[in-house]
Amino acid sequence: MTRTASPPLTPADRDTTSAPPTADGPVTPDRAAAWAELVRLPALFTVPGDTLAGVAAAGGRPGPRTLLPIGSSLCLYAAGMVLNDWADRAEDAVERPHRPLPSGRVRPAAAFAAACGLTGAGLLLAARTGRPALAVAAPLAATVWAYDLALKHTPAGPPAMAAARGLDLLMGAAAAGSARAAAPSAVLLGCHTLAVTAVSRRETTGGSVAAPLAALAATGVLTRLVTRRRVRLPAGRRAAAAPGLPGSNPSGGARTTPADAVTAALAAAYAATAARPYVHAALNPSPPLTQRAVGGGIRATVPLQAALAARSGATATSLLIAALAPAGRLFVRRRAMRKVSIT
């Protein structure tokens with residue numbers, strides 16, 4: 001689960017949003033806005049696609065019960081974001097004084113309590129979904145806490161982040177009945193997350209050309225892999241590929257289906273969203289361009305999830321996931337949250 005971080009602000013923004021607390025409490029335009037920044041609210045729009053892509057890979061269709069694993073994913077993602085800032089509050093006081101904790105807009109004790117509560121809520125929702133979903137949610141929650149408290153600043157950090165995102169997709173598949181069927185999609189999504197996280201480790205200092213170049217190469221490979229025709233469809237959709245039915249080709253030759261066309265279009269959107277900021281960061285690895293590269297990688301998560309769903313034959317689900325991207329951008333504009341990062 002790409003648990004991703006708070007929007008870096010300009011010096012002018014910091015002058016108005018990071019005022020110190022007074023005796024009457026923090027000086028802040030809106031306490032709710034501080035919590036929205038803490039949980040990286042715009043980045044939450046990248047979370048439901050994990051579940052929906054997992055459901056599609058397992059051959060299922062989203063329904064009312066799908067809201068339970070989506071809710072679990074949202075809670076665990078938000079818990080990771082809050083815990084991230086709680087663990088980094090001393091570092092952020094130096095490097096990111098505008099963030100909610102070092103600026104005094106949210107108390108550390110309240111943030112830690114929220115992280116615990118959100119984790120518990122996420123596990124409870126997974127339990128309500130069923131034992132298979134809980135069996136994935138438990139290691140997902142453990143990975144989130146391990147990343148934030150121990151692994152983030154070690155070489156194991158990016159793989160842990162990638163594992164969390166992959167597990168999030170698998171939880172959706174487990175809720176639909178088959179986590180094993182979603183393993184290839186989880187690996188592809190995890191590889192994308194690994195690349196973005198590697199870039200994000202230098203977003204405050206810049207100076208890394210290798211990370212954005214590697215992420216650019218990974219984007220190209222993932223785009224190619226996503227658009228490759230699946231040899232075996234999920235069990236719920238094999239009938240549509242049976243001889244004599246729509247979507248089949250009795251002559252045995254390759255036939256382009258609507259799902260193939262949608263997959264190709266979404267994969268192209270994924271590549272276009274991620275590649276350009278990676279190129280800019282590789283040419284000029286300054287902190288602002290590195291942060292933009294991270295933001296581009298995060299935004300690219302949604303079209304990648306949608307492409308994975310289309311690749312599984314779930315065209316309607318893929319379009320539902322794709323609709324989350326403009327919704328997220330609209331929310332960012334309204335909330336004036338222009339950037340979202342990972343660390």
Side-chain angles (χ1 to χ4, degrees), residues 1-4 35 38-41 43-84 86 111-151 159-190 193 234-236 301-302 305 308-309 312 314 317 320-321 324:
M1 186 172 74
T2 320
R3 300 178 341 283
T4 25
W35 280 96
L38 188 63
V39 300
R40 282 58 157 185
L41 203 53
L44 291 178
F45 285 90
T46 71
V47 177
D50 290 346
T51 300
L52 294 173
V55 169
R61 297 181 183 278
R65 282 189 60 82
T66 309
L67 295 176
L68 289 173
I70 288 177
S72 176
S73 295
L74 288 169
C75 287
L76 293 176
Y77 188 104
M81 293 297 93
V82 175
L83 187 64
N84 175 82
W86 181 85
F112 185 77
C116 294
L118 286 165
T119 301
L123 292 174
L124 179 61
L125 288 170
R128 291 289 302 275
T129 304
R131 287 186 179 180
L134 180 60
V136 180
L140 170 57
T143 303
V144 168
W145 279 71
Y147 173 84
D148 284 330
L149 299 182
L151 302 178
M161 182 75 85
R165 200 82 191 200
L167 285 169
D168 200 33
L169 187 149
L170 291 177
M171 182 166 63
S178 177
R180 180 178 299 181
S185 293
V187 169
L188 293 175
L189 183 60
T193 305
T301 301
V302 174
Q305 295 162 336
L308 291 172
S312 299
T317 301
L320 176 62
I321 297 172
L324 293 171

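As a basis for the values below, the full set of heavy atoms in this structure was taken, side chains included, without hydrogen atoms, waters or symmetry mates.
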| request: Please step through side chain to side chain contact (heavy atoms under 4.5 Å, CB included) for the pair T66 and R61, ending with a clear verdict. | output: CA-CA 9 Å; T66 309; R61 297 181 183 278; over 6 Å; no
| said: Apply side chain to side chain contact (heavy atoms under 4.5 Å, CB included) to residues V47 and I70 and explain how you reach the verdict. | reply: CA-CA 8 Å; V47 177; I70 288 177; over 6 Å; no
| field | Worked verdict on T46 versus Y77 for side chain to side chain contact (heavy atoms under 4.5 Å, CB included) | value | CA-CA 10 Å; T46 71; Y77 188 104; 4.2 Å; yes
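Among D168, L170, L169, the one residue that satisfies the side chain to side chain contact (heavy atoms under 4.5 Å, CB included) test with L189 is L169.
Listed here is the closest heavy atom pair of L324 and V302: CB-CG1, 4.3 Å. Of all heavy-atom pairs spanning A164 and L140, the tightest one is O-CD1, 3.2 Å. Of all heavy-atom pairs spanning P69 and A175, the tightest one is CG-CB, 3.9 Å. The minimum heavy-atom distance between G172 and V55, with the atom names listed, is O-CG2, 3.4 Å. Smallest separation of non-hydrogen atoms from S185 and A57: OG-CB, 4.0 Å. The two residues A173 and A182 make their nearest non-hydrogen contact at CB-CB, 3.4 Å.
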Return all side-chain donor-acceptor pairs below 3.5 angstrom for residues 113-126, not counting sequence neighbours, or 'none' if the list is empty.
residue: T119; atom: OG1; partner: A115; partner atom: O; Å: 2.8
residue: T119; atom: OG1; partner: W145; partner atom: NE1; Å: 2.9

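Between V82 and V39 there is a side-chain heavy-atom pair separated by less than 4.5 Å. Using a 4.5 Å heavy-atom cutoff, the side chains of L76 and S72 are in contact.
With rounding to the nearest 0.5 Å, the separation of OG1 in T143 from CE in M161 is 11.5 Å. Of the inter-residue distances, the one linking C75 atom SG with L44 atom CG reads 9.5 Å to the nearest 0.5 angstrom.
Side-chain N or O atoms of Q305 include none that pairs as donor or acceptor with a backbone N or O of I321 at under 3.5 Å. Listed for the R128 side chain is no donor-acceptor partner under 3.5 Å among the backbone atoms of L68.
The side chain to side chain donor-acceptor pair (under 3.5 Å) check on T51 picks up S73, with sequence neighbours excluded.
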